[in-house]
Amino acid sequence: MAELKTGRVVEWQRLSPSLSIFRLIDNQGRPFPSYKAGQYIALRRDDCLLTKKVKEGDEIRYVPDLDPEGKQRHGPVTHSYSLSSAPFETALGNLLEFYVVLEKGVDGVLGRFTESLFRIDEGGDDKLAYVERIVGDFTLEKRAAGFEHVLMVASGTGLAPFASMVKQLDHEAQQGAAPKGRFTLLYANRTYPELGYHEKMLEIEAAKRFDFVCVPSVSRPTSRDRGDLRLGIGRANNLLRSIFRLPPLGAAAVPPVMPRDKPIEMLRERIDPRRTVLLTCGNPQAMADVAFIAGQMGMKFEKEDW
Ligand SMILES: Cc1cc2nc3c(=O)[nH]c(=O)nc-3n(C[C@H](O)[C@H](O)[C@H](O)COP(=O)(O)OP(=O)(O)OC[C@H]3O[C@@H](n4cnc5c(N)ncnc54)[C@H](O)[C@@H]3O)c2cc1C
């Protein structure tokens with residue numbers, strides 16, 4: 001069985017109150033296991049605020065688990081997280097990177113693990129244990145082999161595995177081993193500051209070391225965003241819908257607009273459903289719609305379940 005090791009969070013980068021990128025290093029500088037872009041690892045915090053399940057009729061809710069004195073119980077919680085670092089970055093710097101959102105349930109109850117993790121941002125204890133095993137089959141090798149074109153569609157922190165893949169492909173291209181296929185990344189978050197890896201993705205696209213196009217978008221645009229030629233407007237699934245001439249989902253949805261430097265005709269030509277595998281990761285509703293769109297277009301579909 002894989003061992004639980006102690007690490008420490010370094011370089012906490014706060015994108016918004018509920019969204020961060022951070023790095024993990026091992027406490028004793030031990031090397032992390034090697035991995036492929038798209039894989040994940042289990043992380044654990046010991047002082048999580050625990051919840052318990054309550055059943056009301058057919059409805060299941062999770063509420064704070066209180067001790068006899070009315071204080072919320074603390075304990076360990078372990079969850080999986082995709083690596084947003086690329087394998088070459090880990091090999092160079094002996095660190096792992098993550099792109100994480102602070103979970104907030106319907107009742108406003110914060111996620112057990114992420115509430116504890118985000119306390120690090122306020123100067124709290126920075127210990128973070130990890131299971132010394134990196135796993136998962138959401139890799140280009142396993143999910144995209146044999147396809148001319150790989151279309152990656154990410155919502156929110158679902159960008160993490162794709163950020164790892166794109167950085168690794170770019171690195172390999174720099175080493176003279178550019179991938180043969182074409183890659184298109186469509187990703188959206190609520191606001192511009194929350195678009196983690198945005199600058200990096202645009203930089204890789206501009207370098208043209210391999211055939212890569214990225215289509216970033218925000219679903220809550222400001223006037224700044226509407227003036228940004230390289231930024232689209234709308235949720236990832238709705239941008240994808242507009243490429244395939246499908247109506248946007250959700251009556252209140254912002255009408256999708258492509259970044260002005262990525263004409264929709266160019267994307268329509270690039271994304272030939274017969275030659276494309278669509279990989280998606282992110283929030284379950286968006287993924288379900290992306291699955292529907294892929295089905296409508298007869299496109300091979302692969303997803304990472306969170
Ligand atoms: C392979 C994989 C990769 C992932 N990668 C990422 C990533 O890169 N970035 C990211 O932000 N997230 C990622 N996730 C999601 C992550 O693992 C967590 O589920 C998420 O961060 C919420 O954890 P939490 O403890 O804060 O919330 P939780 O407390 O676990 O709450 C989440 C939901 O679980 C339910 N719940 C609450 N309490 C309990 C309980 N006591 N028992 C059972 N269920 C309960 C509720 O429905 C709640 O809405 C990934 C998940 C998987 C499986």
Side-chain angles (χ1 to χ4, degrees), residues 2 9 12-24 35-56 58-67 72-86 90 96-121 124 128-131 133-139 142-143 152 154-167 187-190 194-197 279-287 302-306:
V9 168
W12 185 275
Q13 192 192 331
R14 179 186 166 125
L15 306 178
S16 76
S18 60
L19 209 64
S20 285
I21 291 174
F22 69 89
R23 290 177 160 186
L24 170 70
Y35 62 95
K36 297 237 183 298
Q39 292 193 297
Y40 63 88
I41 192 168
L43 302 177
R44 165 171 146 153
R45 290 271 289 173
D46 286 327
D47 69 338
C48 301
L49 291 166
L50 301 181
T51 53
K52 65 175 184 188
K53 187 163 43 175
V54 290
K55 207 162 177 263
E56 287 165 1
D58 286 344
E59 204 194 332
I60 289 178
R61 289 173 46 222
Y62 293 93
V63 297
D65 184 7
L66 306 178
D67 67 16
Q72 192 164 359
R73 291 182 208 275
H74 284 242
V77 173
T78 307
H79 279 320
S80 298
Y81 289 88
S82 297
L83 301 165
S84 55
S85 43
T90 301
L96 298 177
E97 192 168 284
F98 302 91
Y99 180 34
V100 177
V101 63
L102 173 61
E103 177 81 21
K104 202 182 253 178
V106 274
D107 304 331
V109 179
L110 297 179
R112 294 161 295 164
F113 178 88
T114 50
E115 184 279 330
S116 165
L117 184 74
F118 274 69
R119 263 185 261 143
I120 294 173
D121 186 27
L128 182 60
Y130 65 95
V131 178
R133 192 163 58 115
I134 300 180
V135 291
D137 66 355
F138 194 65
T139 60
K142 291 270 165 60
R143 306 293 187 103
M152 306 161 172
S155 57
T157 53
L159 179 61
F162 300 130
S164 176
M165 289 173 190
V166 170
K167 287 187 285 178
Y187 62 99
N189 216 313
R190 289 171 308 179
E194 291 179 313
L195 285 175
Y197 301 98
L279 269 51
T280 191
C281 183
N283 92 48
Q285 292 86 0
M287 284 207 295
E302 298 282 344
K303 71 172 168 150
E304 176 68 320
D305 271 318
W306 280 8

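Note that the structure is a prediction, hence the values are computed from the model and not measured. Both ligands and their constituent atoms are indexed starting at 1 by order of listing. Residue numbers run from 1 in the order of the sequence given.
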- Below 4.0 Å from any atom of ligand 1, which residues have a heavy atom? Give them in chain and number order, please.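 If the criterion is a heavy atom under 4.0 Å, then ligand 1 touches Tyr40, Thr51, Tyr62, His79, Ser80, Tyr81, Ser82, Tyr99, Val100, Val101, Glu103, Gly111, Arg112, Phe113, Thr114, Thr157, Ala160, Glu304, Asp305, Trp306.
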
- Item | Listed partners of Arg190 passing salt bridge (Lys or Arg N to Asp or Glu O under 4.0 Å), at least two apart |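 Testing Arg190 for salt bridge (Lys or Arg N to Asp or Glu O under 4.0 Å), a comparison that skips the adjacent residues, returns Glu194.
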
Going from [atom1] on [X] to [atom2] on [Y], what distance comes out if it is rounded to the nearest 0.5 angstrom?
{"X": "Ser82", "Y": "Leu96", "atom1": "OG", "atom2": "CG", "value": "12.0 Å"}
{"X": "Phe118", "Y": "Arg45", "atom1": "CZ", "atom2": "CZ", "value": "11.5 Å"}
{"X": "Tyr99", "Y": "Tyr197", "atom1": "OH", "atom2": "OH", "value": "8.0 Å"}

- Task: With sequence neighbours left out, write down each residue that passes side-chain hydrogen bond (donor to acceptor under 3.5 Å, both in side chains) with Asp47, or none if nothing qualifies.
- Result: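 Asp47: side-chain hydrogen bond (donor to acceptor under 3.5 Å, both in side chains) contacts with Ser116, Arg119.
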
- Tell me, which pairs form a salt bridge (Lys or Arg N to Asp or Glu O under 4.0 Å) where one or both residues lie in residues 12-23, sequence neighbours left out?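 Qualifying pairs: Glu11-Arg23, Arg14-Asp121, Arg23-Glu97.
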
